[in-house]
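Because the structure is a prediction, the values reported are computed rather than measured.
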Amino acid sequence: MTQAESILVIGAGIAGMKASLMLAGPARKVYLVERLPIIGGKTIKNEESFPNMECSTCMVAPIQQAVLQNPHIETLTYSAVESIEGSAGDFSVSVRIKARYVSLEACIGCGMCFEVCPVTLPNEWEESLIEKKAIYVPCSGSLPNVPVIDSERCLKLNGTEECNLCVESCAFEAINLEDEDRLLELKVGALILATGSETFDLSALPGLGYGALPGVYSPMEFERLFASNGPTMGEITLRGSGAVPDRVAIVHCAGREEQGYCSGICCMYSFKFVRFLKHKLPDVQVFNIHSDVCVPGKNYEDFFRSVNGGDTEMLFTSSIADVHVSGTDSGLRVAYPDGGGVTADLEVDMVILAAAIIPAPLTARLAELAGVELDDSGFIRTSLDGSGSMETSRAGIFTAGTVEGPKDIQSTVIQAESAAGQVAFLMSSMADLTERDPSGKSVKS
Amino acid sequence: MSETGTGKTEMTARVGVYLCECGPNIAGKIDLDKVMADILSESDRYRNVELVIRRYGFLCSGPGKQYLEDEIKENGLTHLVVAACSPRDHDSTFMEVCSRTDLNPYLYRIVNIREQCSWVITDPEEATERAATYIRGSISRVLRQSSLFEKPLEINPDAVVIGGGAAGMEAALALSSDLRRVFLVEKSASLGGGCGITMPQEKAVIEDPNVDIYLETQMSSVIGFLGNFEIGLKSADGKDEEITAGAIILAIGSDYSDPQESGRISFSESDEVHILAEAERTLEAAGDLKLRDGTMPETIAVVHCVGREEQGYCSGVCCSSSLKLAAAIRRLSPETAVTSVYRDLCLPGADGENVLRMARESGVELIRTKGTSLSGMELDLEKMDGTSEKRSFDMIIPAAAIVPAADTVSLAEMLRIPLDEHGFFKEAHRMTDPAGTTTEGVFIAGTAHGPMSVMSSMRFARACAGQVLTRLVPGERIVPEVKVTEILEAYCTGCGNCLDVCVYGAIYADTDRGISVVNEAVCRGCGNCFASCPSGALRTRHFTNEQIFREVDEALR
Amino acid sequence: MAAVLPVGSDLSGAMNRFLKTILEKDIVDAVLMPMKVPSGDSFAWIIMSDSSIVDDAEAMAPVMPVQGARALRSLTRKGEGSIRVLALMRPCEIRAAIELSKLGQVKTENLILAAYDCPGAVPMDSFVSDPSSGEDLFRKMLAGEDVSAGEVKPSCTSCVEFSMTDADLHFGHFGLGGTEVLLIPGSPKGMEILEALELPADRETSIWDEAVRKRREKQVASRDAAFEETGENIRGVQGMLNVFADCISCRNCRAACPICYCRLCHFESETAKQDPNSRLDSAVTRGGISLPADRMLFHTGRMTHMSLSCVSCGQCSDACPADIPVAQVFSFVADRTQKAFEYSAGRNDGDPLPLRSFMKSELSGIHEMVSDAEPGGHAHE
């Protein structure tokens with residue numbers, strides 16, 4: 001494959017997977033690099049996604065399978081891009097494929113090795129609500145269904161002791177503790193950056209009690225709580241006590257003031273949470289503390305209306321930044337300035353914070369590596385010419401999804417399709433224009 | 001050969017049944033040896049059938065696939081049943097193995113004895129019995145399957161874009177190259193659409209040699225399918241032309257709701273009430289917003305969310321446009337007091353925040369209300385604290401909702417795509433395929449899809465272009481679905497049940513013969529039509545009544 | 001509002017003359033009416049363009065040997081034809097024709113559908129065995145005299161659609177003392193006929209409306225009583241099996257039914273043929289099965305296919321050689337299935353066939369209906 005026929009996609013969430021599937025074919029090879037041991041991105045962490053309330057894994061699984069089975073997509077999980085050199089049509093990229101210590105070919109995903117591993121540590125994929133072993137897959141239903149070993153925590157790999165329990169438990173000889181990182185040098189014609197985003201770090205808002213008060217949850221924690229393959233198998237029980245909440249407050253716009261923008265999807269996921277709560281706990285009382293309800297587009301208002309008034313009580317606050325959560329003897333208290341400017345008090349058992357969407361921690365480093373500009377909020381900048389282009393400030397490097405800014409799944413897919421189209425266009429025009437010298441280096445004609 | 005019973009010489013069918021152990025996943029629960037023995041013990045039930053039954057470790061592995069391939073060839077298998085995992089996982093894997101041999105891939109069947117058996121049934125005896133049941137059913141089924149052959153079709157890489165607004169022009173530019181032609185069809189006499197401002201793409205589109213622009217022209221007819229559409233165009237002066245293309249992008253834009261369809265809003269023609277789009281155009285053209293008598297208004301109210309309740313959705317862009325207009329008016333005429341009245345401010349993104357800041361800094365008065373009604377030139381504002389305030393203004397600018405364009409209905413009928421509950425074109429899947437429709441090869445861009453900003457319209461346009469660029473590659477061929485439905489003329493009465501239930505528009509009425517006919521290139525084999533026919537005049541290939549009923553009979557025996 | 005046709009002493013004769021006039025004036029090219037067969041014990045549908053033949057036909061026949069919609073189906077199956085035909089039939093026949101037009105089997109562009117107030121019909125077997133008594137009985141029914149319910153075709157005692165004002169033209173004569181007939185136009189086509197005949201539609205219809213209302217009240221009560229009895233008889237699987245125990249699988253009910261339009265019935269198709277070993281296995285598993293094996297399945301299958309269009313004309317019972325009350329059962333089921341979709345078979349109001357149109361709102365309430373139907377049952381979610 002020559003440069004003009006290879007593409008690198010960084011990030012195997014829905015944007016990266018969609019773009020890869022569109023581009024991959026007999027004439028084009030796609031390298032799909034993913035930092036985590038599994039593909040699927042953030043969407044698979046939700047039990048259901050708005051507005052369809054479709055089972056996210058059911059929606060995404062066919063896409064994941066199509067990616068893994070496509071002979072023209074080489075999926076490199078547990079990998080990271082280390083350098084990007086060159087220009088449009090002619091990039092040199094080095095990728096580090098981290099040592100997994102488990103063979104992707106031999107492992108059948110039976111899980112025997114998890115049982116015997118003596119090391120436990122918090123499972124970050126499950127928002128640390130549950131623990132994992134040093135040899136682990138992030139969740140049940142992981143794809144690829146092959147574990148990795150955390151080399152820092154594994155007793156053998158970090159030199160603590162000669163533990164071989166997992167190796168001995170494996171009937172398929174799939175574990176190799178001598179495994180090493182591999183460095184792959186790739187030549188590609190274009191790149192698509194689709195590394196996603198993060199939710200606001202709520203510990204930066206002490207007034208909302210996250211971290212200090214166990215009954216206060218981040219949105220991702222609540223997603224995992226409700227998930228049927230999650231830490232509680234979908235049962236909504238409070239951290240610590242295990243009790244079932246009777247009254248839940250969802251506080252909108254956590255982090256909006258700090259970030260300086262509205263993330264556009266948090267109202268929707270807040271209403272989704274209302275549906276989750278009422279589904280599992282039909283008698284629970286839910287309150288949404290909000291200022292502006294942002295539900296743009298033809299698909300969203302119906303969803304809002306379906307919960308408004310029946311399933312939840314919408315409590316308007318004149319100042320979202322002055323909402324305060326504190327602990328009481330029996331639970332939590334949410335204080336907020338109401339429509340008349342008076343501070344109202346709400347006693348609840350559980351608080352879920354709707355956090356803003358922010359750039360992922362590694363975005364800045366990726367931008368530096370790729371030599372692309374960020375906007376003032378730290379997301380990757382596109383459409384510098386005022387068109388709908390998904391090209392970044394560096395020719396030949398495109399972007400798609402929430403790494404470009406907060407957005408919903410529909411917009412993510414639209415961007416992935418746009419970026420893929422631009423890459424396809426670029427490749428076909430490159431193929432016409434460039435010639436190659438014997439070493440494969442392009443010589444523009 | 002299937003059982004014929006016609007007295008002719010019957011060939012013996014050699015059915016290979018391969019049970020995958022899948023490590024402990026299957027073999028750990030199901031007694032595969034017992035399954036094989038049970039099935040073999042009854043093999044005389046099948047007339048003229050020889051059974052070859054084997055078990056193997058991992059059929060999906062490299063060596064496993066090679067093993068299967070060798071087995072098919074060495075045993076001269078005429079049919080194949082693979083008892084393994086979900087078809088989602090490996091149906092295509094084993095079909096690919098068949099295609100390496102003389103065995104037609106459609107004379108094979110995968111049986112799920114993992115997800116649907118071993119993984120969900122706790123009692124091993126029950127699981128073993130169930131596995132045998134499923135496999136026996138599949139043997140019965142596969143014997144009634146027929147060879148099917150994929151037929152690649154040549155495609156036309158050209159694209160037709162209906163609508164020359166922001167979305168249409170962006171799509172045309174994204175597609176333009178010397179590898180394909182783009183036909184840009186616009187109903188009015190000029191490009192630009194509903195934007196109200198001149199888009200920079202207009203010049204580029206007009207000068208682009210790969211884009212053929214048809215002004216004052218509309219699409220009058222369309223037949224065909226992805227890669228092969230025949231499109232009739234009709235110009236305003238009655239001239240007809242036919243063009244061919246491989247894809248159609250609908251970028252017909254939208255309209256604005258009538259503010260007065262809300263019972264809360266009423267005004268007369270003589271009142272100084274101008275909807276937002278109109279005010280924007282006037283401001284751009286004239287540089288200011290004067291009253292009809294030529295004087296400047298002292299007070300202007302911009303009312304958000306007009307039509308939101310009636311239409312049932314938030315149009316998403318009006319808060320931003322309204323505040324931009326409010327700020328612009330303040331900058332151009334600082335003596336005019338501008339008040340923005342809204343319920344929720346929908347301003348996502350950094351751009352949204354900038355607009356809000358701009359409005360505040362320029363001195364726009366922002367009032368949040370629970371509800372607002374208008375009578376003549378007086379607004380009745382229901383404030384958040386429950387109090388009510390009446391205020392009159394010299395000029396009132398309601399931001400009306402974005403509603404479907406009038407042509408949406410006729411185009412949807414012409415293209416046989418459904419409309420959503422709000423009357424916009426319905427996308428194939430709201431989340432994973434928003435630019436596509438149920439008719440392959442027809443895409444939606446811009447506000448024809450639903451209310452959205454200019455930037456989103458352009459992104460949608462590029463997404464449509466992306467689909468065309470990656471799927472209609474000049475020189476490549478596409479392979480349409482082979483498991484499609486066919487209609488048997490002898491039994492069809494032309495009642496049209498199937499036609500009505502086909503969501504892909506793949507069935508048409510042949511009025512000469514008085515029957516319905518399936519366009520196999522458009523058919524996706526979903527089977528809706530099959531279920532709707534009382535006559536059994538439809539056969540869905542690979543899913544015939546015979547195959548399914550006999551599988552069920554055998555399994556329930 | 002309606003036009004008026006003076007009757008003189010003979011209602012049927014007046015209607016005949018009306019049709020003759022229409023033919024003579026070239027308002028239509030042909031009329032379709034019943035005519036007594038030479039042997040005198042039945043009637044056949046005759047399409048005639050020669051107005052002199054109309055004298056030999058009878059506008060309202062005492063029996064319904066062939067459902068009129070079947071005659072129309074055989075005429076227009078392949079297209080609308082170029083000549084204009086007026087078909088004069090019972091309301092249930094017109095309604096069946098309208099259902100068939102939704103199914104593409106009857107093309108109505110050049111058809112004028114005319115109905116009349118139907119007092120019911122005489123059962124075929126009793127008419128054939130004694131035609132003159134049958135004709136006497138029908139005369140009494142037309143005159144509105146009391147007749148014993150047992151003498152009338154059973155479906156007719158439960159019929160609530162005996163008047164059909166959404167036919168193109170309807171002859172309304174109930175309650176008018178036999179001296180005049182109202183010509184009620186139900187469509188622009190009907191109006192055109194009246195205009196061509198220069199018959200002004202200026203008579204108000206309140207007397208007739210009232211007579212129809214009163215009769216409908218009685219019929220509804222009669223139907224509800226019949227439904228209650230039928231409902232009890234067919235309750236549960238055993239109930240159905242009992243009612244259809246005498247069935248000889250002749251398929252006459254299907255042949256007589258106007259709605260059964262399939263060229264190849266599912267139950268005669270390849271799928272319905274079972275492997276002998278499978279049959280033997282069933283016999284072993286259940287202890288024994290009756291042959292031919294799909295006796296009951298044929299009926300429930302036919303219900304599934306046609307009950308949404310069933311117009312309760314009763315031909316199926318008439319045709320059954322084993323005297324099974326097929327029509328009572330099918331009518332009962334059709335009433336409930338049509339109600340579930342808020343659909344009324346035979347109406348020409350633009351309501352699409354329920355099976356072809358998907359409305360989410362219709363999904364709720366289905367499981368309540370099922371639970372109501374099961375004795376002591378509860379709905380499965």
Contacting region of B:Glu96 [heavy-atom separation from chain A under 4.5 Å] = neither
With sequence neighbours left out, write down each residue that passes side chain to side chain donor-acceptor pair (under 3.5 Å) with A:Asn229, or none if nothing qualifies.
-> A:Arg224
Looking at A:Ile409, A:Thr43, A:Asn299, which one has more heavy-atom pairs under 4.5 Å with chain B than the rest?
-> A:Asn299
Take B:Arg462 and A:Ser383, measure what side-chain hydrogen bond (donor to acceptor under 3.5 Å, both in side chains) needs, and give me the verdict at the end.
-> CA-CA 12 Å; B:Arg462 281 188 176 267; A:Ser383 301; over 6 Å; no
Answer key: most heavy-atom pairs under 4.5 Å with chain A among B:Ala461, B:Gly386, B:Cys346 is B:Cys346
Against chain A, work out which of B:Gly466, B:Cys314, B:Ser92, B:Gly349 has the most heavy-atom pairs shorter than 4.5 Å and name it.
-> B:Cys314
Shortest non-hydrogen contact between B:Asp344 and A:Val293, atoms and distance = OD1-N, 2.8 Å
When you measure from the side chain of A:Gln69 to the backbone N and O of B:Asp89, does any donor-acceptor pair fall under 3.5 Å?
-> yes
Which bit of A:Phe50 comes within less than 4.5 Å of chain B, counting heavy atoms only: side chain, backbone, both or neither?
-> backbone
Greatest number of non-hydrogen atom pairs under 4.5 angstrom with chain B, of A:Gly340, A:Ala416, A:Gly109, A:Gly297, falls to A:Gly297
What distance do B:Cys60 atom SG and A:Ile108 atom CD1 have between them, rounded to the nearest 0.5 Å?
-> 10.0 Å
Which heavy-atom pair separates B:Ser177 from A:Phe425 by the least distance, and what is that distance?
-> CB-CE1, 3.7 Å
For A:Asp292 and B:Arg343, which heavy atoms make the closest approach, and how far apart are they?
-> OD1-O, 4.4 Å
Largest heavy-atom contact set with chain B, pairs under 4.5 Å, which of A:Gly264, A:Ser418, A:Pro296 | A:Ser418
When every non-hydrogen atom of B:Pro434 is compared with those of A:Gln410, the smallest separation belongs to CB-CG, 3.4 Å
Heavy-atom distances under 4.5 Å only: say whether A:Phe316 touches chain B with side chain, backbone, both or neither.
-> side chain
Hey, which of A:Met390, A:Met112, A:Glu105, A:His290 has the most heavy atom pairs under 4.5 Å with chain B?
-> A:Met390
Contacting region of A:Ser387 [heavy-atom separation from chain B under 4.5 Å] | both
Going by the salt bridge (Lys or Arg N to Asp or Glu O under 4.0 Å) test, which pairs reach into residues 256-268 of chain A, not counting sequence neighbours?
-> A:Arg256-B:Glu353
Among A:Val342, A:Asn52, A:Val295, single out the residue with the greatest number of heavy-atom pairs under 4.5 Å to chain B.
-> A:Asn52
With a 4.5 Å cut-off on heavy-atom pairs, point out which of B:Pro451, B:Cys319, B:Ala166, B:Gly450 contacts chain A the most.
-> B:Pro451
Can you tell me how far OG of B:Ser457 sits from CD1 of A:Ile414, rounded to the nearest 0.5 angstrom?
-> 10.5 Å
Other residues, nucleotides, ligands: >12 heavy atoms within 6.0 Å of B:Arg100 CZ = yes
Above 12 or not: heavy atoms from other molecules or residues under 6.0 Å from CG of A:Asp385?
-> yes
Side chain, backbone, both or neither: which part of B:Ala174 has a non-hydrogen atom closer than 4.5 Å to chain A?
-> backbone
So CZ of B:Arg88 and SG of A:Cys58: to nearest 0.5 Å the spacing works out to 8.5 Å
How many angstroms lie between OG in A:Ser411 and CE in B:Met455, if you round to the nearest 0.5 Å?
-> 12.5 Å
Which region of A:Ser49, side chain (C-beta onward) or backbone (N, CA, C, O), has a non-hydrogen atom less than 4.5 Å from a non-hydrogen atom of chain B, or is it both or neither?
-> both
If you look at every heavy atom in A:Arg305 and B:Arg308, which pair is closest and at what distance?
-> NH2-O, 3.4 Å
For atom NZ of B:Lys29, decide whether the heavy atoms of other residues, nucleotides or ligands shown that lie under 6.0 angstrom number more than 12.
-> yes
Relative to chain A, which segment of B:Ser86 carries a heavy atom at a distance below 4.5 Å: side chain, backbone, both, or neither?
-> neither
Can you measure from CG (B:Asp385) to OG (A:Ser318) and round to the nearest 0.5 angstrom?
-> 10.5 Å
Largest heavy-atom contact set with chain B, pairs under 4.5 Å, which of A:Ser377, A:Ala66, A:Pro62, A:Cys267 = A:Pro62
side-chain hydrogen bond (donor to acceptor under 3.5 Å, both in side chains) with A:Lys298: of B:Glu427, B:Gln311, B:Glu421, B:His422, only one passes, and it is B:Glu427
Heavy-atom side-chain contact between B:Asp433 and A:Glu417 under 4.5 Å | yes
Passes side chain to side chain contact (heavy atoms under 4.5 Å, CB included), B:His429 versus A:Val413? Steps please.
-> CA-CA 11 Å; B:His429 188 286; A:Val413 169; over 6 Å; no
Could you look at A:Leu68 and say if it's the side chain, the backbone, both or neither that has a heavy atom under 4.5 Å from chain B?
-> neither
Starting from the C-alpha separation in whole Å, work towards a yes-or-no answer on side chain to side chain contact (heavy atoms under 4.5 Å, CB included) for A:Glu54 and B:Thr432.
-> CA-CA 11 Å; A:Glu54 208 171 315; B:Thr432 58; over 6 Å; no
Chain A contact via B:Leu175 - which portion, at a heavy-atom distance below 4.5 Å = backbone
Greatest number of non-hydrogen atom pairs under 4.5 angstrom with chain A, of B:Arg471, B:Gln201, B:Met452, B:His449, falls to B:His449
SG on A:Cys262 to CG on B:Leu345, rounded to 0.5 Å | 10.0 Å
Leading residue by heavy atom contact count with chain A [cutoff under 4.5 Å; candidates B:Glu309, B:Glu476, B:Lys370, B:His90] | B:Glu309
Using modelled atom types only, decide if a donor and an acceptor are shared between the side chain of B:Glu170 and the backbone of A:Gly388 within a distance under 3.5 Å.
-> yes
When every non-hydrogen atom of A:Ala420 is compared with those of B:Thr470, the smallest separation belongs to O-CG2, 4.3 Å
